[in-house]
Amino acid sequence: MCGIVAYIGHQDAFPLIIKGLKRLEYRGYDSTGISVHDNGLKIFKKAGKVAELESSVEELTIKASVGIGHTRWATHGEPNDRNAHPHFSADKSLSIIHNGIIENYDTIKKELLSKGYTFQSDTDTEVLITFIEDIKKQNGGDLEQAVRSALHAIEGAYAIVILNEENPNQLIAARKGSPMVLGVGTDEYFIASDATPIIEYTNEVVYLKDREIAIVNREDFRITNIDDVEQTPYIQKVEMKLEELEKGGYEHFMLKEIFEQPNSIADSMRGRLDAANGTLTLGGIYEYSQALINARRIIVLACGTSWHSGLVAEYLFEEYCRIPVEVEYASEFRYRNPVIHEGDIVIAISQSGETADTLAAIELAKSKGAIILGIVNVVGSSISRVTHEGAYLHTGPEIGVASTKAFTGQLSVLTMIALSVAHKKGTITQTRYKELLVELARIPAKIKEVLDNNAVVEEIAERFKDAKNFIYLGRGYNFPVALEGALKLKEISYIHAEGYPAAEMKHGPIALIDEEMPVVFIATRDSSYDKVVSNIQEVKARKGVVIAVVTKGDALIPALADYIIEVPPCEEALMPLISVIPLQLLSYHIAVMRGCNVDQPRNLAKSVTVE
Ligand code: AGP
């Protein structure tokens, strides 16, 4: 949830860490802070964004070649200067940054209070570093051993880096549950929550595993597990390019990522879909492809937008593969004592690959013998490493907190997997299979057509930017799109919005309809078109204001609805890849017109690494 960055080497650490924190700010932006060893241990921190910290110290001369930095998403203790990270230990000999939650911090705190320790903040993190100081005092000053003992005693998730007053030539880092990457440079090392702050300096990284500790010195590093057993680091190359992390001339990352979708979807199909020859190759699902084909059922695990793409997958796998699918909120699944059989197929969907609830649900399913296939965007992320096999989206880094190109990337990959399984199972005819592959290959161009219509959506946004509520309605494959449209508007414009299956309206929500309620219908031409037309008439009969996403050339609905957004005709099963685009744009424009911080919406973070 938080972003951590650390550096040891020959460069000026403070500005380097500031730059790294800006790259990670999408992970949390409640407060920021940096600790460096500049003739002693120092901490500079404050509530608010990285830029505010930067301007608050610009008069100071800070000279350091080792430091740790943090951008926070508050869990324990409200977002203010006191609770901002880093935190000192009681005698200020140690400073720490932490991403995660120490669940038994209160018990430890009580013990330390009884020993006379006092605390400056309400955070679990300050308790941890004070606990380490206390153990170090008792073990003759061995910090590494003190860290090990403390990590054995705590419960919860952590990615921590510790700086020691007595030894400015070393950083100690450790992780469990929360992500951590070590960047291997020439006589310099970088530690961060993901590779984005590192790739400017090196593309050689080590992804730390759970319960690993990295002892990083100026000229070398070593990795052990929590029981002090040496681990052989696996150094891998990151393929990410720096310009992918820039806005590329767009005002916001979200807008850039919306307009990237013709390319990002083409990238998700590259080397996989050959429509001309009617073939699909999914190299990442090989050993378990037969198990997938023979699956009695598929359980989808995900959260948020990824859960919505899981719902579309349910329609795809049931229609084309005739395999029953259950789409589970990972956070509920992990505590529901679900029935899982040996060999059940679980598909875990996650953009970040770090979502704690999805990770924990995977661990539960795995412990009961299920086969876990991952659909993940971030290369090298935890979920990509704990799943049996899977497929990367290849849509490139997604920086905007509101997921857009990852959603359509997930739909593209899930569609390719479903069609590939259906083809191998023989539950789809060769002709239909080839038709759908050709249609799939046309999606990037069709999305381009929708994006060219951006101005129409912007006008509609102007009309509804002050609305208090919205309802989104769809049927069949467009029902999950209605949910996704509502989520996008909620998370970046803070307008209350609900998504529903259109037919559900009569069972309650239609009571909300009046001339103040904008209702967005995803009403493209498909097998439930006539039903949707009746639902529109029901809403119009109650003076609701209808915005309808329709298939180009539709003459009927434009006569009924108040506002129309046209999209090109498309196969029903592939329509979510297109019909979601106007909804992404609508939420974007409304949020911008309301002056909201579109890329870093309040109270949110890009990857939810705590439960
Ligand atoms: C979507 O816009 C949100 N950022 C959020 O709902 C997100 O989809 C959810 O947290 C799941 O994240 P993941 O795909 O990285 O697991």
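Whatever order the structure lists them in is the order used to number ligands and atoms, beginning at 1. Note that the numbering runs from 1 along the sequence shown for the chain.
Listed by atom number, the atoms of ligand 1 under 4.0 Å from Ser350 heavy atoms are 13 (P), 14 (O), 15 (O), 16 (O). Set against the non-hydrogen atoms of Ser306, the atoms of ligand 1 under 4.0 Å away are 8 (O), 13 (P), 14 (O). Contact atoms of ligand 1 toward Ser403: 1 (C), 2 (O) (distance under 4.0 Å to a heavy atom of the residue). Close approach of ligand 1 to Gln351 (heavy-atom distance below 4.0 Å) involves ligand atoms 13 (P), 14 (O), 15 (O), 16 (O). Atoms of ligand 1 lying under 4.0 Å from at least one heavy atom of Cys303, given by number and element, are 8 (O), 9 (C), 11 (C). Taking a cut-off of under 4.0 Å to the non-hydrogen atoms of Ala402, the atoms of ligand 1 that pass are 2 (O).
Geometrically, ligand 1 and Ser352 share a nitrogen or oxygen pair separated by less than 3.5 Å. At a 3.5 angstrom cut-off on N or O pairs, Lys606 does not count as close to ligand 1. Residue contacts with ligand 1: Thr358 is placed with no nitrogen or oxygen under 3.5 Å of a nitrogen or oxygen of the ligand (distance criterion only). The shortest N or O to N or O distance between Val401 and ligand 1 is under 3.5 Å.
Between Arg23 and Glu246 there is a salt bridge, since at least one side-chain N of the basic residue sits less than 4.0 Å from a carboxylate O of the acidic one. A salt bridge links Arg297 with Glu326: the distance from a Lys NZ or Arg NE/NH1/NH2 to an Asp or Glu carboxylate oxygen falls below 4.0 Å. Lys256 and Glu260 are joined by a salt bridge, as a carboxylate oxygen and a charged side-chain nitrogen come within less than 4.0 angstrom of each other. A salt bridge does not link Glu498 to Lys490: none of the charged nitrogens lies less than 4.0 Å from a carboxylate oxygen.
Among protein heavy atoms, the minimum distance from atom 12 (O) of ligand 1 is reached at Thr355 OG1, 3.5 Å. Atom 10 (O) of ligand 1 has Val608 CG2, 3.8 Å as its closest protein atom, hydrogens excluded (heavy atom only).
Between Ile578 and Thr524, every side-chain heavy-atom pair lies at or beyond the 4.5 Å cut-off. Taking 4.5 Å as the limit, every side-chain heavy atom of Arg475 sits out of range of all side-chain heavy atoms of Ile522.
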Q: Could you give me the CA-CA distance, side-chain angles and deciding distance for Lys606 and Gln600, then say whether side chain to side chain contact (heavy atoms under 4.5 Å, CB included) is met?
A: CA-CA 8 Å; Lys606 184 66 184 168; Gln600 296 172 351; over 6 Å; no
Q: Tell me, with the steps shown, if Phe464 and Tyr563 meet ring pair (Phe, Tyr, Trp, His ring centres under 6.0 Å).
A: CA-CA 11 Å; Phe464 292 101; Tyr563 299 87; 5.3 Å; yes
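Ligand 1 has no atom lying under 4.0 Å from any heavy atom of Ser607. At least one heavy atom of Lys488 lies less than 4.0 angstrom from ligand 1.
Counting heavy atoms under 4.0 Å from ligand 1, residue Thr305 touches it through both backbone and side chain. Of the heavy atoms in Glu491, only side-chain atoms (C-beta onward) come closer than 4.0 Å to ligand 1.
Using a 30° and 60° split on the angle between ring planes, Tyr477 and Tyr315 fall in the tilted class, from 30° to 60°.
The two residues Val379 and Tyr392 make their nearest non-hydrogen contact at CA-CE2, 3.5 Å.
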